[in-house]
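Worksheet for the structure shown next.
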Amino acid sequence: MKIVIIGGSHAGMMAADEILRCDPDNEVEIYDRNKVSSFAAEDISAYIRGDVDFLTDLHFDTEMVKNSQRVRIFQAHSVVGLDTKFHQLTIVNKKTSQTFVRSYDKLIIASGATNRLPLIPGVENENVLVARSYRQVEVLKEKMNSNHKITVIGAGRAGLEFALAARKINKDVQIFDKDESLAIHYVGEKVSGWLQEQMKENGISVRTQINVEEFQQQKDGQLVIKTDQENLTTNIAILAFGFVPNTVFVQNELETSLDGLICVNKYLETSAPDVYAIGDCVSVKFGNEKKVLRTRLATRALRQAFVAVHNIFGQKLSFVPMQKTSGLGVFDKWFAQTGMTLENALKNEFTANLVSYEGPWIQEYGEISSRVVVHLTYDIPSRKLLGVQIMCNRNVSQYVSIVAVMIQNENTIDDLAQADILYEQGNGMPLNFLNFVAQRAVRFEEKQGRGHPRITIE
Ligand SMILES: Cc1cc2nc3c(=O)[nH]c(=O)nc-3n(C[C@H](O)[C@H](O)[C@H](O)COP(=O)(O)OP(=O)(O)OC[C@H]3O[C@@H](n4cnc5c(N)ncnc54)[C@H](O)[C@@H]3O)c2cc1C
């Protein structure tokens with residue numbers, strides 16, 4: 001069987017790897033439009049702040065794929081057309097400009113997402129940058145080395161990472177967002193306030209409810225950013241908003257959402273036979289719309305690769321809705337979250353509540369060395385867990401994974417209140433902060449006269 005993969009990054013590489021593990025006799029072709037495939041965008045900020053020395057180290061591939069005679073990787077090859085009826089792709093070799101047609105038995109689309117430049121006058125200026133592809137990050141790093149004042153526009157996950165990384169290398173950093181508070185869609189109101197405080201305390205200037213209207217390059221090297229509030233100056237501006245899926249070539253062939261994502265069912269099948277789609281370019285439709293959590297994460301791309309490949313080989317594996325588990329180092333503190341914030345839960349029509357816990361962590365036999373803050377969101381009628389956020393000055397990020405699995409298994413606050421979480425010796429508190437926050441939720445429900453505990457497996 002000939003399996004063609006479009007996109008050789010996380011989703012595409014992992015799919016090729018899994019194909020080899022399932023049945024190494026297949027013929028696999030990977031087409032990637034970049035000169036350097038398997039670029040690991042999630043480590044861009046590590047490269048900016050100098051934790052990774054070489055840009056070439058930012059890659060995701062597997063030994064099995066690299067060493068296989070069965071997998072052929074075509075870099076600098078852009079897929080420009082798809083004919084699902086005849087199982088054919090139109091491909092341009094970007095080095096020679098030649099166009100050719102390739103057939104497939106099964107197709108996996110893993111073409112990801114990219115930044116779309118907004119229609120702001122002056123956006124084409126050489127000091128207005130985006131950082132998603134290998135080449136873009138190469139340029140950004142060069143510019144950062146020779147400039148001091150950096151402005152990040154867009155305070156979502158990527159924007160926060162860029163601002164934190166630039167500050168770490170002592171740049172003069174400001175971050176803008178059009179929303180009323182920082183990263184509100186990503187972390188919700190409570191954590192947004194905390195993030196804003198951390199940024200300000202550590203010398204990052206934060207401006208919210210501000211709209212950029214124009215960029216103007218000055219002769220002295222300054223870039224003027226005209227906004228609806230005032231004119232600000234910088235050396236370089238990094239645009240960290242406006243991601244779009246790379247799906248132009250599927251138009252009129254596959255069902256897509258309004259924003260261009262390829263619609264797939266829970267088996268990751270598209271609307272055309274023998275065509276699967278995975279990673280940042282897809283929107284998964286479940287029967288229950290409440291389960292749809294849109295997200296662009298490498299962790300999601302890799303899991304989807306596993307599911308799609310097994311389904312190509314005749315299984316019926318469902319993709320498990322992801323909880324958007326992610327974390328962020330914020331100067332000397334850590335933040336991690338999984339599932340929904342209270343705001344997201346309410347928007348998704350859950351009757352949700354949030355309880356918080358703040359306490360010591362880790363106590364070494366009475367010695368309090370850190371504090372942890374936990375926000376837990378749950379659905380009131382079913383008592384099911386919906387999300388958790390943890391902030392601490394120790395890296396306790398992995399604790400959110402416990403809740404991620406419990407959300408996946410539809411566990412309740414009553415389950416978490418009693419969950420058997422490892423007690424690390426030397427930590428003077430045998431009960432974990434996750435138990436504490438869930439116990440608060442149970443007590444709160446009792447006080448509201450809704451004390452009907454539900455243990456999932458009695
Ligand atoms: C700053 C930043 C921080 C992040 N942090 C995290 C994190 O902490 N954790 C996490 O899990 N995720 C993180 N992510 C997200 C993660 O990088 C993406 O989810 C992941 O790269 C998605 O993988 P993908 O294979 O679906 O798509 P992509 O990585 O976008 O790869 C798609 C590939 O397809 C190729 N392609 C596109 N169109 C065509 C075409 N027409 N023909 C041929 N090839 C094509 C592209 O060249 C590209 O190589 C972060 C992203 C950014 C930008």
Side-chain angles (χ1 to χ4, degrees), residues 4-17 29-49 58-61 73-82 89-94 102 107-115 130-137 140 152 154-166 186 238-251 260-262 268 277-283 294-305 308 322-329 335-338 397:
V4 174
I5 300 172
I6 305 173
S9 181
H10 297 80
M13 279 293 164
M14 198 63 187
D17 186 272
E29 287 179 2
I30 303 177
Y31 292 93
D32 199 295
R33 67 183 179 188
N34 278 341
K35 269 192 284 187
V36 183
S37 60
S38 49
F39 180 60
E42 66 277 13
D43 290 328
I44 294 172
S45 52
Y47 176 64
I48 293 174
R49 59 176 187 261
L58 261 58
H59 65 92
F60 174 85
D61 54 19
I73 303 175
F74 298 86
Q75 293 176 333
H77 279 69
S78 192
V79 174
V80 294
L82 166 66
L89 295 169
T90 307
I91 300 165
V92 176
N93 178 337
K94 290 167 78 178
R102 259 323 205 227
L107 176 67
I108 300 178
I109 303 175
S111 51
T114 195
N115 286 77
V130 291
R132 184 66 178 83
S133 70
Y134 184 95
R135 180 64 194 137
Q136 288 165 347
V137 178
L140 174 67
V152 178
R157 201 206 140 77
L160 290 177
E161 281 198 25
F162 295 150
L164 290 164
Y186 171 43
I238 306 173
L239 305 182
F241 63 95
F243 290 95
V244 281
N246 301 318
T247 54
V248 176
F249 62 92
V250 310
Q251 265 172 16
L261 291 162
I262 300 171
L268 308 178
I278 55 177
D280 280 8
C281 64
V282 308
S283 165
R294 284 198 168 185
T295 179
R296 286 183 304 271
L297 283 173
T299 46
R300 173 189 189 250
L302 300 189
R303 284 166 177 77
Q304 289 187 340
M322 289 276 300
Q323 319 308 343
K324 300 210 271 188
T325 309
S326 69
L328 195 65
F335 161 70
Q337 70 176 5
T338 190
S397 310

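Counting starts at 1 for both ligands and their atoms, in listed order. Here the structure is a predicted model, which is why all the values come from computation and not from measurement.
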For Ile91, the option from Ile6, Val80, Val79 that meets side chain to side chain contact (heavy atoms under 4.5 Å, CB included):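 The residue from Ile6, Val80, Val79 that satisfies side chain to side chain contact (heavy atoms under 4.5 Å, CB included) with Ile91 turns out to be Val79.
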Ring geometry between Tyr186 and Phe335 (parallel below 30°, tilted from 30 to 60°, perpendicular above 60°):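 Correct class here is perpendicular.
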At a 4.0 Å threshold, what atoms of ligand 1 neighbour a non-hydrogen atom of [X]?
| X | value |
| --- | --- |
| Gly279 | 26 (O) |
| Thr299 | 11 (O) |
| Tyr31 | 43 (C), 44 (N) |
| Ala113 | 30 (O) |
| Arg132 | 21 (O), 28 (P), 29 (O), 30 (O), 53 (C) |

Per atom 50 (C) of ligand 1, closest listed option by heavy atom (Arg157, Lys324, Glu42):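 Going through Arg157, Lys324, Glu42 one by one, Glu42 has the nearest heavy atom to atom 50 (C) of ligand 1.
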Closest to atom 34 (O) of ligand 1 among Ala298, Gly112, Gly7 (heavy-atom distance):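 Of the listed residues, Gly7 has the closest heavy atom.
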Any side-chain donor near an acceptor of the partner, Asn246 and Arg33, under 3.5 Å: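 Note: Asn246 and Arg33 side chains meet the donor-acceptor criterion.
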Test item, Phe162 contacting ligand 1 (heavy atom, 4.0 angstrom):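 Yes, Phe162 has heavy atoms under 4.0 Å from ligand 1.
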Side chain to side chain donor-acceptor pair (under 3.5 Å) against Asp61, all qualifying residues, sequence neighbours excluded: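 If we apply the side chain to side chain donor-acceptor pair (under 3.5 Å) test to Asp61, skipping adjacent residues, the hits are His59.
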Residues which pass side chain to side chain donor-acceptor pair (under 3.5 Å) with Ser397, listed by chain and number, not counting sequence neighbours: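 So Ser397 forms a side chain to side chain donor-acceptor pair (under 3.5 Å) with Asn395.
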Residue part near ligand 1, for Glu161, under 4.0 Å between non-hydrogen atoms: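 Side chain only; the backbone of Glu161 stays clear of ligand 1.
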Over 12 foreign heavy atoms within 6.0 Å of NZ, Lys35: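 No, not enclosed.
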